[in-house]
Structure formats: C-alpha cells, structure tokens
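The structure under discussion appears below in the form of structure tokens.
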Amino acid sequence: MSEVSDEDFAEILAQTRHFVRSSVVPREAEILAEDRVPDDLREQAKAMGLFGYAIPQQWGGLGLNLAQDVELAMELGYTSLAVRSMFGTNNGIAGQVLVGFGTQEQKSRWLAPIATGDVVASFALTEPGAGSNPAGLLTKAVRDGSDWLITGQKRFITNAPTAELFIVFARTRPADEQGAGIAVFLVPAGADGVEVGVKDAKMGQEGAWTADVSFTGVRVSDAALVGGSEDLGYRAALTSLARGRVHIAALAVGAAQRALDESVGYAATATQGGTPIGNFQLVQAMLADQQTGVLAGRAMVRDAARKWVTDEDRRIAPSAAKLFCTEMAGKVADLAVQVHGGTGYMRGVPVERIYRDVRLLRLYEGTSEIQRLIIGSGLVKAAQRQS
C-alpha cells in the first residue's frame, strides 16, 4: 500500500515537472559553468520536500514508494543530473539503509533532518579496491571497549563534500559461514579522524560532487551500529543498491527523453541545402531508434518498480532495468550528437552535456558487467533450485 494517494502524487509529480522545466532547465549552463547547484535551487528543492520524497511520512518525508519514485526520477533525469544528485543519497542508497535497517532510536535521531534536507547523508561503500562488489571491502571496524574504531579509505563518495552524516560500511571480521562480516555505521562528518578530500574533477555531471573520504581511528559508540547488528551491512548494501538501480534506470530514461526531444526539435528546424534535416529518411531512422529505446526503457522501469513494491522481484528485474536503460541512454545520447552533427559536439549545446552525463550511469550502483552477472547467475540458480 502506498502512503500517498494517486491524486496527491499527481500533484507532486506536476510540481516536480514544473520545477525541472521552468526553474532548472534555464540554468543548466550556469550549473555546468560553476560546477555547483545554485543555493536558491537547493532551497526550492528543500521547500518542495525533494530531500525526503522517499522517506516515510512518519519521519517527515513524502513517503513515496518506488513505483512513484521512478516517475519523479524520469522527470529529474530530464535536466542536469547534479540537481537530482543533491538529494539523491538522502532518498536513495544512504537514506534507505536507515529506513530499512535502522533501530527506532537511529531513525528518530536522523530521518527527520534527512527528510528536510537539514542533514545530507552520504553512502560510503566504494573503496579503491572494492567497487561494484562490496565483498572486497577493506575498511575495518574494531571493538574498543563499548566503542568501535573505524579505519579505511572510501572513494567516489557522492555528496561527501556537503555531507553531515556518512553511512559507512566496514568489515568487523573476515567473511565466514555466519555471514560476510560487514557492518554499517552512522558516522557524523565532524567526528575526529574523518577527512574529506578535494572534490573530484569528472568527465561530466558538473555540480554533482564526489570525493574521497578517509577514516583514521574514528571512534563511534555501539549506538552507531546500524540495526544493532554486525551482520547487517552486506544485506543492507545489496538491498539499497538494488532499489537504487531501478531509480538510476528511471533517471536514464529521463535523460534519454531529453536527448530525443532535443534531437526532434533540431531535426525539425535545422536545414541542409534549404531542406529541414528531419525530412531526410536516415535522420528519421535515428529518431525512430531513439524513440523506441525510450519507450522500451520507460515500460521496463515501471515494471521493475511495480515488482519491487509487490516484492515479486527485487533482484533480477532491478539489474535488468538498470542494464538496459543506462545502455539505452548512452545510445540515444550518441545518436543525439549525430543528429546535431558538428553542433552536437559544441559546449553549451544540451546534447553535448547529456552525452557526458549519462556515461556515468553505466558505472555506478554496479557496472553493466555486474548487472549481467547478477541476472545470469540469478536465472541459473533459480533453474537449479527448481530441478
């Protein structure tokens, strides 16, 4: 059951669409040039409840389920992905760890300020030697009396430069028959021993900040252990990432829709030898391939989100949607540059930015290769169980 009625959600979706199209799209060049989301846009997003749209209402969020989340994400994907990234970790991979696995005390302490955007939560899982597969984790948490000491390096951590809270995954023991030996801790950014590096210079997604974070003997109490259990970490990471994959797939669809709209608009008006290029059949074929990819991706995202909400499939469908939609967005963006010709390669033209922005979607929340392994192994294991 959704906490938000269809009527109320239609209003939230309409407001989000209006915010994206009228407030954010006209300022994409500013976000790109300054490598930051303007403060007034951040405040507007906070006032609309976007920092906590997927946090349950009892903790001050809007309480959208994943089927509603993806509709919002398809709108947010239509513009600079930095805007979505600003509140993405609160609603997604970081916030959902607390929603799904936190104790009542932990939820009471953190979820309300996360939902309002007063606290930015950051998901600290990836390491120099452990990316899409969390099993390779080297960050350690060692018992010290009733406390824990956390030491390790994290890499490419989204929102690290602005985070007030890190959701930190750390190994408490080697993996054994009891489990993966990975726990997850709530670490305030101001704790002694936490150091955030300079923000990364990336190929695209200007304004979406990531950085390395190092933890050197960071002391936290037992109350910081998520769920009060040492063995929740691996499951929390996998669950949060799987949910995030459906959201990323939806973002990819939004970005692909924008690339398609830019392509159609350009083809209808730009001329070659006095004829609109959209009259040429080879250009029409490119537009047809773009449209087909967008429609297929949208249907797939909605189906995967529905299966998540009903608990029918929380493993294969998210990976399949993420794999197809992010690869599709790459192809659609590439075709968009092609339709624009030399113009599409110029800075300041939306399809040039989209081309760079969407490349990251095939890497985070698990690379395309990892998604293929999850899908393939999942199908084989299911067949083996049946036989």
Side-chain angles (χ1 to χ4, degrees), residues 24-25 28-29 31-33 35-37 73-74 76-86 88-89 92-93 123 125-126 128 131-132 155-160 199-212 241 244-263 286 289-290 293-294 296-298 300-301 318-373:
V24 185
V25 168
E28 288 170 346
I31 293 169
L32 195 158
D35 187 21
R36 68 190 301 274
V37 177
M74 286 191 275
L76 294 166
Y78 198 80
T79 189
S80 165
L81 296 183
V83 172
R84 192 281 329 183
S85 185
M86 181 171 68
T89 50
I93 48 180
F123 184 82
L125 174 66
T126 302
S132 295
R155 177 165 284 180
F156 310 139
I157 304 305
T158 301
N159 289 330
K199 71 174 194 267
D200 299 319
K202 302 192 295 294
M203 179 195 289
Q205 298 210 13
E206 291 87 357
W209 293 354
T210 62
D212 286 6
L241 286 169
R245 283 166 189 151
V246 187
H247 174 85
I248 295 296
L251 270 189
V253 172
Q257 180 70 61
R258 174 67 181 284
L260 167 63
D261 289 353
E262 294 288 339
S263 300
M286 288 192 274
D289 286 348
Q290 288 177 307
V294 169
R298 183 172 289 120
M300 206 168 173
V301 159
S319 284
K322 202 260 180 189
L323 172 64
F324 177 83
C325 293
T326 59
E327 294 283 345
M328 175 275 292
K331 294 186 185 107
V332 169
D334 188 73
L335 286 169
V337 173
Q338 199 70 14
V339 168
H340 281 70
T343 304
Y345 199 65
M346 297 296 130
R347 279 289 160 107
V349 176
V351 297
E352 183 273 340
R353 174 187 57 77
I354 295 166
Y355 183 84
R356 290 180 296 107
D357 278 0
V358 299
R359 187 61 186 84
L360 183 56
L361 301 180
R362 284 143 67 186
L363 302 176
Y364 60 16
E365 255 84 318
T367 61
S368 292
E369 290 69 34
I370 288 289
Q371 307 314 324
R372 289 185 173 101
L373 292 177

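FYI, the numbering just counts along the sequence from 1.
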Please determine whether salt bridge (Lys or Arg N to Asp or Glu O under 4.0 Å) holds for the pair R362 and E369, giving the CA-CA distance in whole Å, both sets of side-chain angles, and the decisive distance to 0.1 Å.
CA-CA 9 Å; R362 284 143 67 186; E369 290 69 34; over 6 Å; no

Using the side-chain contact (heavy atoms from CB on, under 4.5 Å) rule, take L125 and L241 through it: C-alpha gap first, then chi angles, then the decisive distance, then the call.
CA-CA 10 Å; L125 174 66; L241 286 169; 3.9 Å; yes

For salt bridge (Lys or Arg N to Asp or Glu O under 4.0 Å), just list the numbers for R353 and E206, CA-CA rounded to whole Å, side-chain angles, deciding distance to a tenth of an Å, and then say yes or no.
CA-CA 9 Å; R353 174 187 57 77; E206 291 87 357; over 6 Å; no

Stepwise side-chain hydrogen bond (donor to acceptor under 3.5 Å, both in side chains) check, D334 with Q338:
CA-CA 6 Å; D334 188 73; Q338 199 70 14; over 6 Å; no

Do K331 and D289 pass the salt bridge (Lys or Arg N to Asp or Glu O under 4.0 Å) test, and can you show the C-alpha distance, the side-chain angles, and the key distance before you say yes or no?
CA-CA 9 Å; K331 294 186 185 107; D289 286 348; over 6 Å; no

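One finds the OG1 atom of T158 at 13.5 Å from the CH2 atom of W209 (value rounded to the nearest 0.5 Å). Going from atom CG of L335 over to atom CG of L260 covers 10.0 Å, rounded to the nearest 0.5 Å. With rounding to the nearest 0.5 angstrom, the NZ atom of K322 is 5.5 Å from the OG atom of S368. With values rounded to the nearest 0.5 angstrom, F123 atom CZ is found 7.5 Å from E365 atom CD. The line from CG of N159 to OG of S85 is 5.0 Å long, rounded to the nearest 0.5 Å. Taking CE of M74 as the start and NE2 of H247 as the end, the distance is 11.0 Å to the nearest 0.5 Å.
Atom OH of Y78 sits in a crowded spot, with more than 12 heavy atoms from other residues, nucleotides or ligands closer than 6.0 Å.
Nearest heavy-atom pair, Q290 versus A336, reported as atom, atom and distance to 0.1 Å: NE2-N, 3.4 Å. The minimum heavy-atom distance linking V349 with T343 is given by the pair CG2-O, 3.4 Å. For the pair P318 and V246, the tightest heavy-atom approach, listed with the atom from each and the gap, is CB-CG2, 3.6 Å. Taking each heavy atom of V332 and A256 in turn, the nearest pair found is CG1-O, 3.6 Å. Among all heavy-atom pairs drawn from M300 and A321, the shortest one is CE-N, 3.9 Å. Looking at every heavy atom in both residues, V358 comes nearest to A255 through CG1-CB, 3.6 Å.
Classification of D35 and K199 as a salt-bridged pair holds, one side-chain N sitting under 4.0 Å from a carboxylate O.
Considering only heavy atoms from C-beta on, L360 stays 4.5 Å or farther from L81 through its side chain. I31 is not listed as a side-chain neighbour of R36, based on a closest heavy-atom distance of 4.5 Å or more. Counting only heavy atoms from C-beta outward, the side chains of R356 and Q205 never approach each other to under 4.5 Å. Side-chain contact between R258 and P350: present, with at least one pair of heavy atoms (C-beta onward) separated by less than 4.5 Å.
When atom types are taken as modelled, the side chain of E352 and the backbone of V337 share no donor-acceptor pair closer than 3.5 angstrom. Remark: the backbone N or O of L363 is not paired with any side-chain donor or acceptor of T367 at under 3.5 angstrom.
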